A.B. asks: 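This is the structure, below, for whatever I ask next.
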2 protein chains.
Amino acid sequence: MNAVDTAVKLLQAKKIRPSLTRIHILAYLLSHPIHPTVDQIYQALLPQIPTLSKTTVYNTLDLLLENKLVKLVGVEQREKHYDANTKDHGHFFCRICEKIYDFSTPAAEIEAPEIKGFQIEVKNVSYSGVCSDCRHKNKHKEDEYEKFEGN
Amino acid sequence: MNAVDTAVKLLQAKKIRPSLTRIHILAYLLSHPIHPTVDQIYQALLPQIPTLSKTTVYNTLDLLLENKLVKLVGVEQREKHYDANTKDHGHFFCRICEKIYDFSTPAAEIEAPEIKGFQIEVKNVSYSGVCSDCRHKNKHKEDEYEKFEGN
DNA sequence: TTTTATTTTGTAATGATTACAAATTTGAAA
DNA sequence: TTTCAAATTTGTAATCATTACAAAATAAAA
Ligand SMILES: [Mn+2]
Ligand SMILES: [Mn+2]
Ligand SMILES: [Zn+2]
Ligand SMILES: [Zn+2]
């Protein structure tokens, strides 16, 4: 099943009228699991929907959030990032390439607050640092630098 | 040892000149583990340092962050929250009373990205929902909410 | 069709944070 | 002590993602 059909079904299941704009935005998130920002979504859809307004992207994402069809990615960035993968998982933000990676959070997680009688509604596990690719690229640079210094 | 003395020692250990303002800000964070915002710190110290500028609070917190004397609380709020407790621990944000609670994150945590060769520099585990106090205070309303939401 | 509700849009306002340069304070050299 | 450069602090303006809001467009209902 393609992303558009999935989006329509998800919207209908939540009794949200599947307007063209809503389908496009949700389908984009489903087919581009890169945790995009509002502006990334807006820029990506503009060619297909030339009348699209950024306000509509904000409004639609709020609606999808309320209906738990998308989640906010809890990385510390100026712009908010969105995720149509609503399963429990963690995120790793690479400060070099600025990509956001998914990782699984084992079921046997930290339930400390729940034990204390807290009602957990949103969980956020996010790390940041340098991803594998960027570490490798950086190591290469360091090697070159060392060679240069040795001359 | 009081918070001021601790602050001075921490600053000196990092070779940061312990100016009055820096001591005050760090000591405030150490003695008020409520994860305050810039404005909360500013308002709290204004009576003692009438010439204090909010820019200085921003500057000082940036300096303390760089030197790992404080950490950012990874809670999704409009304003950033700061914590002088630099030990690994999680945070719970109550959407009713807006208090931020600490909880311990067991050592055997999710190390998935590290296995993949990622260099983890910052960890953030934060949950949100309704705290124990607020659940009890609003028992009736909460029951209605749970019924309605189907949780 | 006419009316009403929903969705989308454009523009203005918000507000936490940042940029930046001037003012002040500090510490050490002369 | 006086001088002076560096460090620190301050005030103001700019930034910019997000929100507020009302009008416009579109879809559904009557
Ligand atoms: Mn994800
Ligand atoms: Mn804490
Ligand atoms: Zn990277
Ligand atoms: Zn509470």
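These numbers come from a predicted model, not from an experiment. A, B, ... follow the sequence lines: proteins, then strands. Residue 1 opens every chain.
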A.B. asks: For C/dT8, take OP1 and OP2 only and decide whether either is under 4.0 Å from a side-chain N or O of A/Arg22.
C.D. replies: yes
A.B. asks: If you round to the nearest 0.5 Å, how far is NE2 of B/His35 from CZ of B/Phe93?
C.D. replies: 12.5 Å
A.B. asks: To the side chain of B/Arg78, which of C/dG15, C/dT8, D/dA27 is closest?
C.D. replies: C/dG15
A.B. asks: Any salt bridge linking A/Arg95 with B/Glu121? Criterion: basic side-chain nitrogen under 4.0 Å from a carboxylate oxygen.
C.D. replies: yes
A.B. asks: On DNA chain C, compare the nucleotides closest to B/Glu79 and A/Thr21; which residue's is nearer the 5' end?
C.D. replies: A/Thr21
A.B. asks: With rounding to the nearest 0.5 Å, note down the distance linking NZ in B/Lys9 to CD1 in B/Ile23.
C.D. replies: 13.5 Å
A.B. asks: If I take atom CG in residue B/Leu64 and atom P in nucleotide D/dT8, what distance separates them, rounded to the nearest angstrom?
C.D. replies: 12 Å
A.B. asks: How many angstroms lie between NZ in B/Lys54 and CD in B/Gln43, if you round to the nearest 0.5 Å?
C.D. replies: 6.0 Å
A.B. asks: Any base atoms under 4.0 Å from B/Lys54, or only sugar-phosphate, or nothing? Heavy atoms, all strands.
C.D. replies: nothing
A.B. asks: Would you mind telling me which of D/dT19, C/dT6, C/dT17 lies closest to the side-chain atoms of A/Arg17?
C.D. replies: C/dT6
A.B. asks: What I want to check is whether an N or O donor and acceptor connect the side chain of A/Thr55 with the base of C/dT11 at under 3.5 Å.
C.D. replies: yes
A.B. asks: Less than 4.0 angstrom between a side-chain N/O of B/Ser19 and OP1 or OP2 of C/dT25, yes or no?
C.D. replies: no
A.B. asks: Starting the side chain at C-beta, find the nucleotide from C/dT9, C/dT18, D/dT10 nearest to B/Ser53.
C.D. replies: D/dT10
